[in-house]
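Accompanying notes for the structure given below.
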Amino acid sequence: MFALVDCNNFYVSCERVFCPALVGKPVVVLSNNDGCVIARSSEAKALGIAMGAPFFKSRDLFEKHNVRFFSSNYALYGDMSGRVMTTLEQFTPDLEIYSIDEAFLCLDGFSDLTSYAQRIRLTVRQHTGIPVSIGIAPTKTLAKLANKIAKKDASLQGVLDLADAHNIDSLLAGVAVEDVWGVGARYAAMLGRHGITNACQLKNAGDGFIHKTMTIAGLRTVRELRGEPCIELEQSPAPKKAIGSSRSFGRPVDDMAELLESVSEYVSRAAEKLRRQHCAASLVQVYLTTNRFKDEPQYANYLSCTLPSPTAYTPELISCAQACIRAIYRKGYRYKKTGILLSGITPANGLQLNIFAGGRRTRGDEKALMHALDSLNRRYGSNTVQFASSGIDKRWKMLQSYKSPFYTTRWDELPAVKA
DNA sequence: TCTGGGGTCCTAGGACCC
DNA sequence: TCTGGGGTCCTAGGACCC
């Protein structure tokens with residue numbers, strides 16, 4: 001048996017923990033660059049504020065209903081997520097952290113699951129202040145679905161064990177096909193054209209048709225809806241096969257020097273992650289693009305660069321990425337965004353050395369330098385030491401005009417309790 | 001002035017190998 | 001008139017997830 005524990009309106013809930021005055025009021029959290037709405041309180045949803053709604057188009061509505069809004073504060077959300085997951089680990093030895101706000105728990109061998117799940121809810125609430133909902137079922141896909149129903153139906157008090165339902169098919173018939181895990185907008189439209197609009201109809205669709213139109217992954221989804229487990233619990237996350245970093249700029253950028261700074265910064269971020277998983281990369285991909293929403297000359301391009309041997313040495317990766325930008329940069333455009341992707345990832349120990357790389361500084365020196373860099377930044381905060389090529393002013397940086405304090409990760413921003 | 005970021009998996013097609 | 005068969009690897013594109 002699987003339980004899916006999902007935090008309710010997670011980012012909004014994190015903000016509310018440290019600012020209880022927000023409880024009961026419409027609250028939203030914005031994407032990077034304060035671009036779109038990516039989390040909404042139930043009050044905000046009730047006002048008709050859509051997921052992904054552009055912030056600047058909604059400002060009037062926000063003002064009218066006194067909607068509170070926040071820039072995203074990932075240091076806070078990541079830290080709160082860790083606290084929730086640590087609490088969940090007390091309830092089962094077998095747990096998969098699926099995303100920042102969700103975990104699958106294996107409940108095999110446990111009894112009285114609904115009341116156990118209620119205890120989980122109360123404990124998470126007490127330890128972290130975060131409200132969660134829990135769906136229980138014999139497959140992950142059904143557990144996701146049960147969770148969705150538990151969130152919607154207030155009478156369930158946040159928990160639904162599908163085994164308790166007397167008529168699962170009628171429950172499935174009440175769930176739109178696009179709300180099934182693994183069915184996105186494209187598949188939902190395609191299925192709709194074939195008369196399949198709810199989860200029960202999808203469950204009863206023909207295997208051949210599903211395989212042909214939705215590949216093997218779609219077939220797994222359908223089998224899971226029938227109660228046949230096809231997707232296992234993954235307890236130890238596999239190392240990443242690709243690590244990317246990209247950001248929209250806070251304002252249009254036309255100067256190549258600033259584009260070079262931005263990719264240097266993004267490569268530094270990605271390389272840090274690469275070293276954290278003890279890997280090296282052999283392929284650097286770089287792209288740039290203008291703002292597709294603007295009625296002005298558009299240009300987008302990308303270029304990749306294969307390294308002679310895999311590396312996790314930031315300066316080498318930066319040189320590659322900057323060479324790519326120089327090659328694809330065209331003067332006269334207003335750029336909106338650059339991004340990089342590291343791939344061809346292999347474990348850093350036992351690297352194939354390059355026979356032609358003699359005479360350069362040794363791998364040992366590079367490793368020591370990166371280790372020192374990472375240690376300093378871990379201890380004293382991100383970007384305490386950085387590469388000059390990433391720039392000093394960084395006037396291209398994204399906007400974060402409405403960010404809440406780093407309540408849990410910076411000494412000088414800890415909330416104070418007044419006597 | 002203003003529309004996010006970071007991933008995974010599957011498939012098809014092309015280049016290459018023997 | 002007439003030119004094989006079996007395979008791997010890589011990449012791009014399209015779908016999905018949060």
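Given the structure is predicted, the values throughout are model-derived calculations rather than measurements. A, B, ... follow the sequence lines: proteins, then strands. Residue 1 opens every chain.
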Answer with base, sugar-phosphate or nothing: what part of the nucleic acid does Asp101(A) contact at a heavy-atom distance below 4.0 Å?
sugar-phosphate
Report yes if a side-chain nitrogen or oxygen of Lys294(A) is closer than 4.0 Å to either non-bridging phosphate oxygen (OP1 or OP2) of dC2(B); otherwise report no.
yes
Relative to the 5' end of DNA chain B, which residue comes earlier, Phe293(A) or Ala242(A), by the nucleotide with the nearest heavy atom?
Phe293(A)
Tyr11(A) and Tyr74(A) aromatic ring geometry - parallel, tilted or perpendicular at 30°/60° bounds:
perpendicular
Rounding to an integer number of Å, can you tell me how far Tyr287(A) OH sits from dG4(B) C1'?
10 Å
Verify the contact: side-chain N or O of Tyr11(A) to OP1 or OP2 of dC18(C), cut-off strictly under 4.0 Å; return yes or no.
no
Tyr187(A) has a side chain; which of dC10(B), dC16(C), dG7(B) sits nearest to it?
dC16(C)
Under-4.0 Å salt bridge between Arg395(A) and Glu261(A):
no
Selected nucleotide, minimal atom distance to Lys241(A) side chain, candidates dG7(B), dT8(B), dT3(B):
dT8(B)
Within the structure, does a side-chain N or O atom of Lys337(A) lie under 4.0 Å from either OP1 or OP2 of dT3(B)?
no
Within less than 4.0 Å of OP1 or OP2 of dG6(B), is there a side-chain N or O belonging to Ser246(A)?
yes
Specify the separation, in whole Å, of atom CG of Leu219(A) and atom C1' of dC16(C).
16 Å
Just to be sure I understand the rule, does Val180(A) reach a base, reach only the sugar-phosphate, or reach nothing, if contact means heavy atoms closer than 4.0 Å?
sugar-phosphate
To the side chain of Ile38(A), which of dG7(B), dG4(B), dC10(B) is closest?
dG4(B)
Is the distance from the ring center of Phe91(A) to that of Phe110(A) below 6.0 Å?
no
Please state whether the phosphate of dC9(B), meaning OP1 or OP2, lies under 4.0 angstrom from any side-chain nitrogen or oxygen of Thr215(A).
no
Nearest whole Å is fine: how far is dG7(B) C1' from Arg269(A) CZ?
18 Å
In whole Å, what is the span from the CG atom of Leu303(A) to the C1' atom of dA12(C)?
15 Å
Base-pairing mate for dC17(C) - Watson-Crick or G-U, with both contacts under 3.5 Å:
dG6(B)
Is the distance from OP1 or OP2 of dC10(B) to the nearest side-chain N or O of Arg220(A) less than 4.0 Å?
yes
Counting the atoms with a prime plus P, OP1 and OP2 as sugar-phosphate, which does Ser245(A) contact under 4.0 Å by heavy atoms, base, sugar-phosphate, or nothing?
sugar-phosphate
Considering only heavy side-chain atoms of Ala217(A), the closest of dC16(C), dC10(B), dG5(B) is dC10(B)
Between the side chains of Asp60(A) and Lys64(A), is the shortest nitrogen-to-carboxylate-oxygen separation below 4.0 Å, so that they form an ion pair?
no
Electrostatic pair Arg68(A):Glu15(A) at N-O distance under 4.0 angstrom
no
Aromatic rings Phe69(A) and Tyr402(A): how do their planes relate, parallel, tilted or perpendicular, breaks at 30° and 60°?
perpendicular
Which listed nucleotide (dG4(B), dC16(C), dT1(B)) is nearest to the side chain of Ser31(A)?
dG4(B)
Base, sugar-phosphate, or nothing: which does Ala185(A) touch, judged by heavy atoms less than 4.0 Å apart?
sugar-phosphate
Side chain of Pro252(A) only, please: which of dG5(B), dC18(C), dC2(B) is the nearest?
dC2(B)
On DNA chain B, compare the nucleotides closest to Ile216(A) and Lys57(A); which residue's is nearer the 5' end?
Lys57(A)
For Leu30(A), which contact category applies under a 4.0 Å heavy-atom criterion: base, sugar-phosphate, or nothing?
nothing
Work out how far the P atom of dC18(C) is from that of dT3(B), and round it to whole angstrom.
25 Å
Report the distance from atom CG of Asn32(A) to atom C1' of dC18(C), rounded to the nearest whole Å.
14 Å
Select one nucleotide: of dG6(B), dC18(C), dT3(B), the one nearest the side-chain heavy atoms of Asn33(A).
dT3(B)
Measure from CZ on Arg247(A) to P on dG4(B) and round the result to the nearest Å.
13 Å
Side chain of Lys273(A) only, heavy atoms from C-beta on: which candidate in dG6(B), dC10(B), dG4(B) is closest?
dG6(B)
Taking NZ, NE, NH1 and NH2 as the nitrogens, is one of them in Arg226(A) or Asp207(A) under 4.0 Å from a carboxylate oxygen of the other?
yes
Checking dT1(B), dC18(C), dG4(B) against the side chain of Trp181(A) (C-beta onward), the nearest is dC18(C)
Separation of atom OH in Tyr98(A) from atom P in dT8(B), rounded to whole Å
12 Å
Closest of dC18(C), dG7(B), dC16(C) to the Lys240(A) side chain is dG7(B)
Rounded to whole angstroms, how far apart are CZ on Arg186(A) and P on dA15(C)?
5 Å
